[in-house]
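Sequence lines set the chain letters: A, B, ... in the order given, protein chains first and strands last, and positions in each chain run from 1.
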Amino acid sequence: MRVYNDLSRTKEELVPQKENHFTIYVCGPTVYDLFHLGNARPFIIYDTLRRYLLYKNYKVTYVQNFTDIDDKMINRAQSREISVKELADEMIAEYYHDADNLNVMRADHHPRATETIPEIIEMISTLEEKGYTYNLNDGIYYDTSKFEDYGKLSKRDLDDQEAGASERVDLLDDKRNLSDFVLWKFKKEGEPAWNSPWGEGRPGWHIECSAMSKKFLGETLDIHAGGMDLMFPHHENEIAQSEAANEKPFVNYWMHNGFINVDNVKMAKSGGNFFLVRELASEYGYDVLRFFILQAHYRMPLNFEEEPLMAATHGWQRVLRSVDHIDFLLANETAQIAETESEALIDYVEKTKQEFERAMDDDLNTPDAFAAIFNLVRQVNTLTADYSLSNESLKKARAYIIELCAVLGLDAEKRVDTEIPQEILDKVKLRDDAKAERDFATADSIRDELHALGYKIEDTPQGPKVSREVEK
RNA sequence: GGCACCAUAGCCAAGUGGUAAGGCCGGGGUCUGCAAAACCCCUAUUCUCCAGUUCGAAUCUGGAUGGUGCCUCCA
């Protein structure tokens, strides 16, 4: 598998340090509010990467943190008149609600910043001993000029930045360099604080990821991922901290996903142009949101719009219907199996698998992976329209559609309701009898009646097929 | 000012040297008592524009135009 590594700005062969075992760290949410669709993109993308590596029989140790202490947390907690801890507990539960429904697997570890304070302090101490820090009135700072490779990820040159930003030198405050950042913030009145060698305070944003990733995954990670906006300064600073402290490469592969835009502008809480996953899910459903996100390549910008979401809704239904159709065929015996076509389908399944893997191997090309699945779906539909296929071939096609969708985190087996109530079946029978007597007026009125109850009847060569109307 | 990124049909979106995947919408048809679903056909001689390299470019090079992101919290 090849993956675009932002460190080299090229696609590279993805090779783990340990045989068959990947360590992945993904920057998680700051838990002060429900997350929006833009936040959801990395959760879904890297969950898909994880699922694909598992599919390829790798072991994966996956860590995604919760940032549960920062200015936004403190401000929100104060305005809601609850503690920061209470806010975090509540929002973490809400995170799981949405993430679980998006079928994002839980990480092996979901560390919280506030539960990693000793490790954070230890790392800052190490940096202090090695001379990378200095003190200001409000906290302990990292001196980025001491770290030779600073800017290697985001390809920024410190001097150019400062020269160009001359109009904004006020941002420098008392810092030695514009890019210096705080490791430990001294306590202000009314803020949560922890004891440390430098007095009461709380960790800066960047240090928590360095400490948490080291705690659970060691000093060198295989993959570290997050949104594009984290590349600078967040990830650059993590590199500076971790490599200065550990004297080892921090990350082998850096992956960053593009944004979800609204009217071509980045969706962001601060921009006010955001759509919460919770709200969108009630309209479109979680599966459709996941499908929508994976239908674009993860590094490309993805515009959030009504029409493409409807396209995603209908596209996903197409897959579900095909599986449903196979189930219907399997449940109804047919004579005269078409052997040639059955074998053709089995061959096509193999071909699909290869195309799917080729797409995924190429930097997680999920749009192409969907194309492979859709081609198989059409093949199933085409062949079954004209021929009776063997159960073996149908089962194989079914199994692969479901397996490949599952790699993408989509459950193609999900049914609103597989059990059709007897009273509904009775009405279907009545309609069928009416049809047999060519009493179409009665038949149609029963069909309307069932429709009103949320059931749909489709006449097929194998008899009437009843199902629940597809819901959102 | 610096550093990145993007530009493909009505919409969304793959494709990074060999003659434009896939999904949605729309039109026509097959099937059906009628539907529904499904299938078939049609829907970009062309990839923002202009030069160049090449037997050959959406794909490489140079330039232009338009748009975005990061440099401050940010997925």
Return the nearest nucleotide to the side chain of [X]; candidates are [options].
{"X": "A:H297", "options": "B:rA14, B:rA36, B:rC40", "value": "B:rA14"}
{"X": "A:N39", "options": "B:rA14, B:rA75, B:rC40", "value": "B:rA75"}
{"X": "A:N375", "options": "B:rC12, B:rG22, B:rA13", "value": "B:rG22"}
{"X": "A:E458", "options": "B:rA36, B:rC11, B:rU16", "value": "B:rA36"}

Checklist entry - Judged by atom type as modelled, is there a donor-acceptor pair below 3.5 Å linking the side chain of A:Q336 to the main-chain atoms of A:S388? => result no
Checklist entry - For A:P111, does its backbone N or O pair with a side-chain atom of A:H109 as donor and acceptor, under 3.5 Å? => result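 No, the answer is negative, given that no donor and acceptor are paired below the 3.5 Å cut-off.
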Validate the cation-pi geometry between [X] and [Y]: distance from NZ or CZ to the six-membered ring centre under 6.0 Å, angle to the ring axis within 45°.
{"X": "A:R106", "Y": "A:Y96", "result": "yes"}
{"X": "A:R156", "Y": "A:F232", "result": "yes"}
{"X": "A:K175", "Y": "A:F181", "result": "no"}
{"X": "A:R468", "Y": "A:Y455", "result": "yes"}

For [N] and [M], measure between their [atom1] atoms and round to the nearest Å.
{"N": "B:rA7", "M": "B:rU61", "atom1": "P", "result": "14 Å"}
{"N": "B:rC70", "M": "B:rA13", "atom1": "C1'", "result": "25 Å"}
{"N": "B:rG15", "M": "B:rU59", "atom1": "P", "result": "14 Å"}
{"N": "B:rC3", "M": "B:rA14", "atom1": "P", "result": "27 Å"}
{"N": "B:rC40", "M": "B:rA21", "atom1": "P", "result": "15 Å"}
{"N": "B:rU54", "M": "B:rA20", "atom1": "P", "result": "24 Å"}
{"N": "B:rC60", "M": "B:rG28", "atom1": "C1'", "result": "42 Å"}
{"N": "B:rU48", "M": "B:rA37", "atom1": "C1'", "result": "40 Å"}

Base, sugar-phosphate or nothing for [X]? Non-hydrogen atoms, less than 4.0 Å.
{"X": "A:I260", "result": "base"}
{"X": "A:Q295", "result": "sugar-phosphate"}
{"X": "A:I373", "result": "nothing"}
{"X": "A:G38", "result": "base"}
{"X": "A:M231", "result": "nothing"}
{"X": "A:T313", "result": "nothing"}
{"X": "A:G258", "result": "base"}
{"X": "A:P308", "result": "sugar-phosphate"}

Any protein N or O atoms within reach of nucleotides 32-34 of chain B? Criterion: under 3.5 Å, listing atom names and distances.
{"unit_1": "B:rG33", "atom_1": "N1", "unit_2": "A:D444", "atom_2": "OD1", "d": "2.9"}
{"unit_1": "B:rG33", "atom_1": "N2", "unit_2": "A:D444", "atom_2": "OD2", "d": "2.6"}
{"unit_1": "B:rC34", "atom_1": "O2", "unit_2": "A:R447", "atom_2": "NH2", "d": "2.6"}
{"unit_1": "B:rC34", "atom_1": "N3", "unit_2": "A:R447", "atom_2": "NH1", "d": "3.0"}
{"unit_1": "B:rC34", "atom_1": "N3", "unit_2": "A:R447", "atom_2": "NH2", "d": "3.4"}
{"unit_1": "B:rC34", "atom_1": "N4", "unit_2": "A:D459", "atom_2": "OD2", "d": "3.0"}

Checklist entry - Starting at the 5' end of RNA chain B, which residue's closest nucleotide do you reach first, A:M310 or A:G28? => result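 Taking each residue's closest nucleotide, the earlier one in sequence belongs to A:M310.
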Checklist entry - In terms of the nearest nucleotide of RNA chain B, which residue is placed more toward the 5' end: A:D386 or A:K155? => result A:K155
Item to check | Gap between atom CD1 of A:I44 and atom OH of A:Y286 - 0.5 Å precision | outcome: 11.0 Å
Checklist entry - Can you tell me how far the CZ atom of A:R202 sits from the OG1 atom of A:T114, to the nearest 0.5 Å? => result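 Here the rounded value is 12.5 Å.
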Checklist entry - So A:F250 and A:Y25, ring pair (Phe, Tyr, Trp, His ring centres under 6.0 Å) or not? Walk me through it. => result CA-CA 11 Å; A:F250 177 42; A:Y25 185 92; 8.0 Å; no
Next on the checklist: Quick one, A:Y4 with A:Y253, criterion ring pair (Phe, Tyr, Trp, His ring centres under 6.0 Å). Give me CA distance, side-chain angles, the key distance, then yes/no.
Outcome noted: CA-CA 8 Å; A:Y4 187 88; A:Y253 303 91; over 10 Å; no
Next on the checklist: Does A:Y142 form a ring pair (Phe, Tyr, Trp, His ring centres under 6.0 Å) with A:H206? I'd like the steps, not just the answer.
Outcome noted: CA-CA 11 Å; A:Y142 186 102; A:H206 313 295; 9.9 Å; no
Short heteroatom pairs, N/O only, protein and nucleotides 68-70 of chain B, under 3.5 Å:
{"unit_1": "B:rC70", "atom_1": "OP1", "unit_2": "A:K266", "atom_2": "NZ", "d": "2.9"}
{"unit_1": "B:rC70", "atom_1": "O2'", "unit_2": "A:R156", "atom_2": "NH2", "d": "3.1"}
{"unit_1": "B:rC70", "atom_1": "O2'", "unit_2": "A:F232", "atom_2": "O", "d": "3.4"}
{"unit_1": "B:rC70", "atom_1": "O2", "unit_2": "A:R156", "atom_2": "NH1", "d": "3.4"}
{"unit_1": "B:rC70", "atom_1": "O2", "unit_2": "A:R156", "atom_2": "NH2", "d": "3.3"}

So, is [X] close to the [N] phosphate, meaning a side-chain N or O under 4.0 Å from OP1 or OP2?
{"X": "A:N381", "N": "B:rC39", "result": "yes"}
{"X": "A:H314", "N": "B:rC25", "result": "yes"}
{"X": "A:N303", "N": "B:rC12", "result": "no"}
{"X": "A:R378", "N": "B:rG22", "result": "yes"}
{"X": "A:R318", "N": "B:rG23", "result": "yes"}

I need the [atom1]-[atom2] distance between [X] and [N], as an integer number of Å.
{"X": "A:D362", "N": "B:rA21", "atom1": "CG", "atom2": "P", "value": "17 Å"}
{"X": "A:I326", "N": "B:rA38", "atom1": "CD1", "atom2": "P", "value": "13 Å"}
{"X": "A:D70", "N": "B:rC73", "atom1": "CG", "atom2": "P", "value": "10 Å"}

Checklist entry - Can you check whether A:D361 reaches A:Y52 side chain to side chain, under 4.5 Å on heavy atoms? => result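 Result yes, sub-4.5 Å side-chain heavy-atom pair found.
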Item to check | Mate of B:rU65 where both pairing distances stay under 3.5 Å, Watson-Crick or G-U | outcome: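 By the stated definition (distances under 3.5 Å), B:rA7 pairs with B:rU65.
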